[in-house]
Amino acid sequence: VANMLRARGDCVVLPEPPALDAMLRPPVPVQAADHARWIAGLIAATAQPRHGERHAAVKLDSWHVLFLPILRVAFPDVPKIFLYREPREVIASHLRQRGLHTVPSLLDPGLFGIDRTEALAMPPAAYCARLIGRILDAAADAPDLMPIHYRDLPDATIVRIAPAFGLCGREQEMSRAAGSASNQSSFTVTESRCGRRAGNGQRPSGFVSTGRNRLSSRISICALSSS
């Protein structure tokens, strides 16, 4: 999905920016309003146009779907897409090459509701299954997510995802990039600066201000729970 959006030529694509990962997990307690404002400001600062682009895509990790509540506060009233794969395929992939979130000594298991001592004693396959289940549960509990199975890609990117993001045209550019679409786990945030919301012709409800530059905070969130 990220590769196809990049191929449009009018999208800035930020792949898994470490700064945003850190911002989602502040080291000290933060008020929700302040936290959301910092996240929105970071996106506004890092997703600036490079060559006249009108849109931006920020690719996040799949486990960032657990932070959907604060992302809703930072970017309200926006379309959200959840891309998913067969869980057994995801687990098998992580057992071949462990992602950061699948190693309990690298990422706090408490994020997934798992006791640290219990997590450290669990076999890798069992721990991966638990956290993948937690990620999928978080998506299932979000009524505002549009689920799309990975098998429906790349066509779904053009037919369903791009229209939901308010991105029209440039289908040929996206089609040419379809063969190189990434299979990595991701949670993707797409920001459109079109000044209109898809479907109703109204301006987006949220704005991020950085100095004199105002960016429409119309974000479409995509969680890809695969590897």
K.L.:
Can you tell me how far apart CG (Leu14) and CD (Gln48) are? Round to the nearest 0.5 Å.
P.N.:
10.5 Å

K.L.:
Restricting to side chain to side chain contact (heavy atoms under 4.5 Å, CB included), what partner residues turn up for Val159, sequence neighbours left out?
P.N.:
none

K.L.:
Going by side chain to side chain contact (heavy atoms under 4.5 Å, CB included), name the residues that satisfy it together with Ala138, two or more places apart in sequence or in a different chain.
P.N.:
Val65, Leu66, Arg134

K.L.:
Among residues at least two apart in sequence or on other chains, which ones pass salt bridge (Lys or Arg N to Asp or Glu O under 4.0 Å) with Arg88?
P.N.:
Glu86

K.L.:
Mind checking the CD1-CD1 spacing from Ile70 to Ile39? Nearest 0.5 Å is all I need.
P.N.:
5.0 Å

K.L.:
Just by distance, do the side chain of His101 and the backbone of Pro109 share a donor-acceptor pair under 3.5 Å?
P.N.:
no

K.L.:
Does the side chain of Leu20 reach to within under 4.5 Å of the side chain of Ile43, using non-hydrogen atoms?
P.N.:
yes

K.L.:
CG of Leu100 to OG of Ser105: how many Å apart, nearest 0.5 Å?
P.N.:
9.0 Å

K.L.:
Show every salt bridge (charged side-chain N to carboxylate O under 4.0 Å, His left out) that has at least one partner inside residues 101-115, sequence neighbours left out.
P.N.:
none

K.L.:
If the condition is side-chain hydrogen bond (donor to acceptor under 3.5 Å, both in side chains), which residues does Thr102 pass it with, not counting sequence neighbours?
P.N.:
Arg98

K.L.:
The criterion is salt bridge (Lys or Arg N to Asp or Glu O under 4.0 Å); which residues satisfy it with Asp34, sequence neighbours excluded?
P.N.:
Arg37

K.L.:
Grab the two heavy atoms, one from Ala156 and one from Ile148, that are nearest each other, plus how far apart they are.
P.N.:
CB-CG2, 3.8 Å

K.L.:
Tell me, which pairs form a ring pair (Phe, Tyr, Trp, His ring centres under 6.0 Å) where one or both residues lie in residues 103-149, sequence neighbours left out?
P.N.:
Tyr84-His149

K.L.:
Take Phe67 and Leu111, measure what side chain to side chain contact (heavy atoms under 4.5 Å, CB included) needs, and give me the verdict at the end.
P.N.:
CA-CA 10 Å; Phe67 296 94; Leu111 288 172; 4.2 Å; yes

K.L.:
Show the nearest heavy-atom pair for residues Asp141 and Pro143, with the distance to one decimal.
P.N.:
O-CD, 3.2 Å

K.L.:
Heavy-atom distance under 4.5 Å between the side chains of Asp144 and Arg72, does that happen here?
P.N.:
yes

K.L.:
With sequence neighbours excluded, what pairs up with Arg160 under the side-chain hydrogen bond (donor to acceptor under 3.5 Å, both in side chains) test?
P.N.:
none

K.L.:
Looking at every heavy atom in both Cys128 and Leu95, which two are closest together, and how far apart are they?
P.N.:
SG-CD2, 4.3 Å

K.L.:
May I ask you to decide if Glu89's main-chain N or O and Ser93's side chain share a donor-acceptor pair within less than 3.5 Å?
P.N.:
no

K.L.:
Run the salt bridge (Lys or Arg N to Asp or Glu O under 4.0 Å) test against Arg130 and tell me which residues pass, sequence neighbours left out.
P.N.:
Glu118

K.L.:
Tell me, please, which residues at least two apart from Arg8 pass side-chain hydrogen bond (donor to acceptor under 3.5 Å, both in side chains).
P.N.:
Asp10

K.L.:
Which pair of heavy atoms, one from Val12 and one from Pro49, lies closest together, and at what distance?
P.N.:
CG2-CA, 4.0 Å

K.L.:
Is Leu136 close to Phe82 at the side-chain level, that is, under 4.5 Å between some pair of heavy atoms?
P.N.:
yes

K.L.:
Sort out for me which residue in Asn3, Ile81, Val1 forms a side-chain contact (heavy atoms from CB on, under 4.5 Å) with Thr157.
P.N.:
Val1

K.L.:
Who passes salt bridge (Lys or Arg N to Asp or Glu O under 4.0 Å) against Arg116, sequence neighbours left out?
P.N.:
none

K.L.:
Please report the shortest heavy-atom distance between Ser175 and Ile158, naming the atom on each side.
P.N.:
OG-CD1, 3.3 Å

K.L.:
Would you indicate whether the side-chain heavy atoms of His94 and Ile132 approach each other to under 4.5 Å?
P.N.:
yes

K.L.:
For Leu145 and Leu68, what are the C-alpha separation, side-chain angles and deciding distance, and is it a side chain to side chain contact (heavy atoms under 4.5 Å, CB included)?
P.N.:
CA-CA 10 Å; Leu145 289 183; Leu68 187 54; 4.1 Å; yes

K.L.:
Can you name the closest pair of heavy atoms from Ile91 and Ala125 and give their distance?
P.N.:
CG2-O, 4.3 Å

K.L.:
By side-chain hydrogen bond (donor to acceptor under 3.5 Å, both in side chains), which residues pair with Asp21, not counting sequence neighbours?
P.N.:
Arg25, His64

